[in-house]
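For the numbers below, each heavy atom of this structure counts, side chains included, while hydrogens, waters and symmetry mates do not. Proteins come first, then strands; the chains are lettered A, B, ... in the order of their sequence lines, and each starts at number 1. A quick note: this is a predicted structure, and the numbers were derived from the prediction, not measured.
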Protein chains: 2
Amino acid sequence: MRLNQTAEYALRVMAYLATQDNQEPIKSKELAKTTGIPLFYLSKIMRRLVVAGLVQSQKGHGGGFTLAKPRSEIHFIDIIQSVSSEFSTKRCVFGYARCGDENPCPLHPTWKILRNQILSWANKFTLEDVAKGEPIELPDDVV
Amino acid sequence: MRLNQTAEYALRVMAYLATQDNQEPIKSKELAKTTGIPLFYLSKIMRRLVVAGLVQSQKGHGGGFTLAKPRSEIHFIDIIQSVSSEFSTKRCVFGYARCGDENPCPLHPTWKILRNQILSWANKFTLEDVAKGEPIELPDDVV
DNA sequence: AGTATATTGGACAAAATTGTCCATTAACTC
DNA sequence: GAGTTAATGGACAATTTTGTCCAATATACT
């Protein structure tokens, strides 16, 4: 169970895409500007999202990125997992090679609860659940 | 909301301490061996736990570490926060400078749910809740 | 006092994550 | 076809996290 900056970035940019309902693709430059994610780092993230099939990319003039599926079909878990393999890792927190209900480590019962909560959260919500409307306030770190 | 290796290590070693009910302090060497955490990295973590007042250390012959309080008074949140400041960071995932119920970012409602779930989990459980008994299986990465 | 033990602290090293730069490729416009 | 635009890919740099080494300090035992 790991949660890092990149996963948060991915959620952020996808949430932004979900709030834009124009049909034209959105350029990474605009994405970077409005989300505050470093441009070229964002590009890498976008690529991963494209490869994962969550986003479509279009090169050249008028190109950019669009969601590859309806919002309701893009779950948070898809987004996070496409950029962060360690997110839903099964490795036991305690270090057991085979930790499970039959062979529980001391942390198993409590950790399982956390894991389940996080995973079911990520499985439950989709881009449909992000609030619509224009951003009210710009990020701090955007100049 | 960040969850990293060090936080997991801290939980792991504290859980181990909680399962040992002898009165003698436990040496970091033993802790490292049984938890599979690299010895000197573990030392740093232990120091943080000592500074946070969760663990008592004893130098010299017969020294080692013991819990500084009853198990029931050591919450997971204390453990994690003493080694990982970013765990319960309030920074908005979306990047808003002031994100809140009145000025919500698109991710606010869903993210708030995750945050609350994780934090209430961490606030709820204590070392009392870790399973007692001897470890059944040694970690894989321990030689 | 002297010796062994174990934490502590500082410096350092390796690895992973995060961020940047630039050339290449693909697509569109005229 | 020439020029422009925007994603892609690769190399690289900075930063953070994770891991290691060793000397210093404190404690206990004889």
Counting side-chain heavy atoms from C-beta on, which of dT18(D), dT8(D), dC22(C) comes nearest to Ser43(A)?
-> dT8(D)
Phosphate oxygens OP1/OP2 of dG9(C): is one of them under 4.0 Å from a side-chain N or O of Arg47(B)?
-> yes
Note, Ser88(B) side chain near Leu119(B) side chain (heavy atom, < 4.5 Å) = yes
Send over the distance from Leu3(B) CG to dT17(D) C1', rounded to a whole Å.
-> 14 Å
Please state how far atom CZ in Phe40(A) lies from atom P in dA14(D), giving the value in whole angstrom units.
-> 17 Å
Is the distance from OP1 or OP2 of dT17(C) to the nearest side-chain N or O of Tyr9(A) less than 4.0 Å?
-> no
Rounded to whole angstrom units, what separation is found between the CE atom of Met46(A) and the C1' atom of dG19(C)?
-> 17 Å
Closest heavy-atom pair, Tyr96(A) versus Cys105(A), reported as atoms and distance to 0.1 Å, is CE2-CA, 3.4 Å
Using a cut-off of strictly less than 4.0 Å between a heavy atom of the residue and any atom of DNA chain C, enumerate the qualifying residues of residues 57-66 of chain A by number.
-> Gln58(A), Lys59(A), Gly60(A), His61(A)
Thinking salt bridges, do Asp129(B) and Arg71(B) make one under a 4.0 Å N-O criterion?
-> no
Can you tell me the distance, in whole Å, between the CZ atom of Arg2(A) and the C1' atom of dT17(D)?
-> 11 Å
Flag, side chain of Arg115(B) to backbone of Thr89(B), donor-acceptor distance under 3.5 Å = yes
Counting heavy atoms from C-beta on, name the nucleotide in dC22(D), dG19(C), dG10(C) closest to the side chain of Lys44(B).
-> dG10(C)
Do His108(B) and Asn103(B) meet the criterion of a side-chain donor-acceptor pair at a distance under 3.5 Å?
-> no
Please check if any side-chain donor atom of Tyr16(A) sits under 3.5 Å from a side-chain acceptor atom of Glu30(A), or the reverse.
-> yes
Length of the line joining Arg48(B):CZ and dG10(C):P, which is rounded to integer Å = 14 Å
To the nearest angstrom, how far is Leu42(A) atom CG from dT8(D) atom C1'?
-> 13 Å
Just compare dC21(C), dG19(C), dT20(D) and give me whichever is closest to any side-chain atom of Pro38(A).
-> dG19(C)
Rounded off to whole Å, could you give me the OH-to-P distance for the Tyr41(B) and dT16(D) pair?
-> 14 Å
So Phe125(B) and Ile113(A), side-chain contact (heavy atoms from CB on, under 4.5 Å) or not? Walk me through it.
-> CA-CA 11 Å; Phe125(B) 290 112; Ile113(A) 291 173; 3.6 Å; yes
Separation of atom CD in Glu86(B) from atom P in dA16(C), rounded to whole Å | 21 Å
